[in-house]
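So that the names make sense, note that chain A is the first sequence line, chain B the second, and so on, each numbered from 1. All values derive from a computational prediction rather than experimental measurement.
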Amino acid sequence: MNKRVCKSSKAVKIVCTILFSIVIALLLEVLVYNGKKQDETIALQVYDLSQESQYVMVEQNEILEPLTRDEQNSIQMNRENAKILAEVNGTPYVEETDDTLVEQDGKLFRRKIDTSFTVTLPERSYIRKLHLSYGGMEENGSFTIQMKDGDQTTFDGYDGIMDAKLAASVVTVNKSGDQIIYHFKSLEKPELSHMKLSVVNLTSINWLRILFFAAAGMLLGFFIWNRSLFHDRLEIVFVIASLTLGGILILSVGTNQIGFDEYTHAARAYEVSFGSTIETTETAMRMRANDLPFFHNREERGLVEAYENVNNDFSWADISTQSRFVSYTDRSYLPISVMIKLGRALHMPFAWNMMLGKLGNLLCYTFLCYLAVKYAKSGKGIIALLALLPNALFAAGGFTYDGVVNGFLLLAVVLTTNLMLEEDQKITWIQVLLVLGAYIAGSTAKPVYIVMALMLVFFSRKRFQNPVQAWGFRAAVVVIIGLLMYTIFFPPVSTSANYELVGNLAYAGDKRNQGTSVLGQLEYILQYPLVYTGLLLSSMFGDLFQYVSGKLPFFNYGYLGNLSGVYTVIGEVLLVLGCVFSPNTDKRNVIGKQYKVLNIIMILGLSAIIWTSMYVSYTPVGASEIQGVQARYFMPLFLPFCYCLCNNKWKCKISVVNYHKILVGFAVALNLYAIYHLALQPLNF
Amino acid sequence: MPGKIISHMKNFIQDKICFILPIITAMLAVMLVCSYLIPKKVIDTYRTNTTEDEGDSERIQILEPGMKLTYHMNTGSRPMMGIHVGVAKNGNTYDTAAMICNVYTADGTLVSGNGYLLNQGEDVQYVYLPFQDYEKCRGDITMEFTYTLETDENVTAPGLLMNGKVLTDAHTELDGSKMDGNLKTIYIYTHDTYPLVYDLRILVVLFFAASMMVNYKKSGDNRENIGNYRNHKEEISNGKENNPIKKVSDKNETGNKRDADHCRKNEEESHE
């Protein structure tokens, strides 16, 4: 009877929390985000920019716009790659010329026409959105928007790109003023008769914003009311948090390509989803070329998704073929590819199909981390916190194999640590299959991580039945590590184009960066070993210090930006405290000292390998800095490091439930903040 | 029922693991050797000359009957499998005519004679001309393009796509005189690939590692115990054994807990 009452009161709490969260989210949307402002005098006003009038002034000038560093690098890189291709094909290299490029004082500029429109409003008004359109535009144009209230500038510095594919842009202003200054910069003189500017103050309900606040409210209620899951089934808590936060992130980002090299990963995942005959639609081709229009608010999102759907027509898709056998390099994309295939079978719109693909990645990551939290014999809270870090969820909810890599390696580290904790038990064949399988699956896309499996070699003789078994096992582990490391330098190439180029180490090097050469860099390192050792150590410990001190922000959402370094420091402090102290009611399993020392050696060794691999493959030969190393590469090493800090001596007066709530709660709060400020607000308001 | 099947399977695997893992390892090793011995041949394409540099433009070289357009090139040490050339029909509709491509080695030996029937394809199209005895098409080779006569006399001759690009190790001649520019081409080579090798060599080592961890001695002991248990079971069925408690504990050892619990419950009920 008591059980039944308890169950019904639980159900009432859940229903009340859900309803309360939805009501609060709706109220926020209606009253805060759509409430009428005092000086909102205009509802909708369209300005024809074709000629000067009482309200519109037009001026045109030729300007020189400096190229960004990325644009300059891109030009240099394309020239170098063209040289290599010409050399391989046996054709002379002819440099392409671009009349719009101007070089002044060693810097590159692009010659453009700056058309400036000064629009005077009939009266001072609050403005929510500005809709800019240029029907029939042929090339992308850049623009800036400034708003003035008398002499005072109230809105400044909005730099945008008007994509020719959309021929329109929408700017979220949310400021008052009486004058709008709109600069449109293009390579050719624009056709003014096709240009329009509209002031739009219409009410619009943002369902994504409602979903975000409702989900945040539900998570808060879950944290307040629930105890049993936090005590006994932390893995379920992780699943709820991971799917909720990751799901909202996926919905917020849509088809915007905001991850590093996301277009490459998206292209491979898309291709793998087809089997042997690939049908690449115009939209998919744009995605592959990193040329999909980018949206900054929900109005632009509507335009982008409409464009994507119109051009996602398979009746005129480009047909190409590939081997039906999924290469080892592409297997980490399978969770994405399967869901893209499913979405296509369900005739989903392009944007929803791609989001479903990302959900496949998130589901795979969540499942792997669920297993890691469930079967961990020590530090479940720490594992859940690490698995819920914003960077980890960002990778899991995007087009990248990092989610699969992180998930498998987290599971592998947990299984290895479990073996370390069972000091008095023999290692079984099933444990070997699982732990080595997890390391291999995690290292398939990034073979360098297989070095982590070296920890398995150091289990003592008493863990095995006999010396032959011990040495056989150790030899097998070393061979597996060797085989995977070998593929870094000598990949078992199965390409069907430019085989001579791909399989030739003389041309190896990351083609995204100029001046790279694997052989050249290795020769340089061997020629100056002490110089390189100094560079390596200063880079490793220099960057470590920068992250620890918060000077370099760790929490990052790709091209969407970072969370301030303050959050990095808070996260570090919480993680260290969570490792060092444990609840006094909990007897924590701790790995032996010898394993802690080995873990530290492995972490330092692997870090050095990661830095060196980026120096060899991504950095120009002989450079005095190591380029391309990102903090996310070290995420699989966090858990082994945390296990080194864990002890069973320092206790704090806190229950296991509250201990878990603090750790997971921090991760959830950080994610909600990051999603709101980096993804929801800049892309969907 | 599914629980019973899983339990049986578990027992079977546990019982036979000392055979299963080495057999899997050996099978994978055999497959690895086979995949090395039987490589997969894949096509390797090189877009040597398909685009024009600034100031250059694509043109069509008409190939009148009797004219010979030759393309001289060096394949290096690799045999060339075929070539893509751009064929332009100039708006004609053909019936029996063909574009012939003969390939000669450096010593003038004809190693391939192939053609493209002009009654197929688009007006302007890149066509693939595979070489018949392609293993011999290596080093300095010459491709000779000719046009066989069309029965309809009103139809004009087709052409091949060219541009003004200069190639360092190839040139084009028309009736023996070197031309400005070259044929637009895509070279088709081939190479061996071993798609299963990566997986198999890792799986072999992985299963070898797992095989190493099986306690073969204990498995042998287990088999002995199981043998004893079977003898014991036969004794029960023959009525030689009448101690139900022993029977329960024996079943318990084999891991069939549900059956053991069930027996124990029945026993308790009978005592009551």
Side-chain angles (χ1 to χ4, degrees), chain A residues 85-97 323 325-329 331 426-434 436-437 439-440 444 456 464-466 468-484 486-487 491-503, chain B residues 13-14 17-18 20-21 24-25 39-56 73-74 76 78 165-170 182 185-199 201-218:
Chain A
L85 262 183
E87 194 181 322
V88 171
N89 288 339
T91 56
Y93 168 68
V94 181
E95 192 169 303
E96 280 185 23
T97 52
S323 169
F325 182 76
V326 181
S327 162
Y328 72 97
T329 48
R331 264 171 233 161
K426 305 282 185 216
I427 300 172
T428 65
W429 63 271
I430 191 85
Q431 285 173 323
V432 167
L433 272 187
L434 289 175
L436 271 178
Y439 275 121
I440 292 167
T444 310
L456 299 172
F464 302 91
Q465 304 290 344
N466 52 56
V468 177
Q469 196 182 62
W471 286 108
F473 170 74
R474 286 170 190 154
V477 172
V478 171
V479 171
I480 286 177
I481 293 169
L483 282 174
L484 278 155
Y486 176 78
T487 60
V493 187
S494 54
T495 177
S496 60
N498 296 325
Y499 174 73
E500 285 281 287
L501 185 64
V502 179
Chain B
I13 291 170
Q14 207 69 42
I17 196 65
C18 58
I20 294 171
L21 284 174
I24 292 175
T25 311
K40 187 186 172 193
K41 254 190 189 2
V42 294
I43 283 172
D44 190 13
T45 56
Y46 290 82
R47 291 184 168 270
T48 317
N49 181 16
T50 52
T51 54
E52 286 74 42
D53 298 325
E54 209 164 284
D56 188 13
M73 64 168 291
N74 189 302
R78 294 193 298 164
K165 192 174 269 184
V166 179
L167 304 174
T168 51
D169 58 357
N182 274 297
T185 52
I186 301 167
Y187 296 166
I188 310 296
Y189 289 101
T190 176
H191 70 258
D192 289 340
T193 185
Y194 307 89
L196 293 174
V197 162
Y198 173 86
D199 297 289
R201 65 190 181 192
I202 285 174
L203 284 174
V204 167
V205 188
L206 176 64
F207 276 89
F208 171 76
S211 306
M212 290 303 296
M213 302 312 291
V214 177
N215 186 358
Y216 291 95
K217 199 181 164 200
K218 198 179 165 191

Contacting moiety of B:Ile13, where chain A heavy atoms sit under 4.5 Å: side chain

Heavy-atom pair of closest approach, residues B:Met213 and A:Val432: CG-CG2, 3.3 Å

Side chain / backbone / both / neither for A:Phe473 at chain B, heavy atoms under 4.5 Å: both

A:Val468 vs B:Met212 side-chain heavy atoms within contact, under 4.5 Å: yes

For A:Ala476 against B:Val205, the heavy-atom pair lying closest together: O-CG1, 3.2 Å

Nearest atoms (heavy-atom pairs only) where A:Gly437 meets B:Leu206: N-CD1, 4.1 Å

Min side-chain heavy-atom separation A:Leu484-B:Tyr198 under 4.5 Å: yes

A:Gly472 to B:Phe208 - nearest heavy-atom pair and separation: O-CE2, 3.8 Å

Structural part of B:Leu21 lying under 4.5 Å from a heavy atom of chain A: side chain

Close side-chain approach of A:Trp429 and B:Ile20, heavy atoms under 4.5 Å: no

Distance (rounded to the nearest 0.5 Å) between A:Thr428 OG1 and B:Ile17 CD1: 10.0 Å

Chain B contact via A:Ile440 - which portion, at a heavy-atom distance below 4.5 Å: side chain

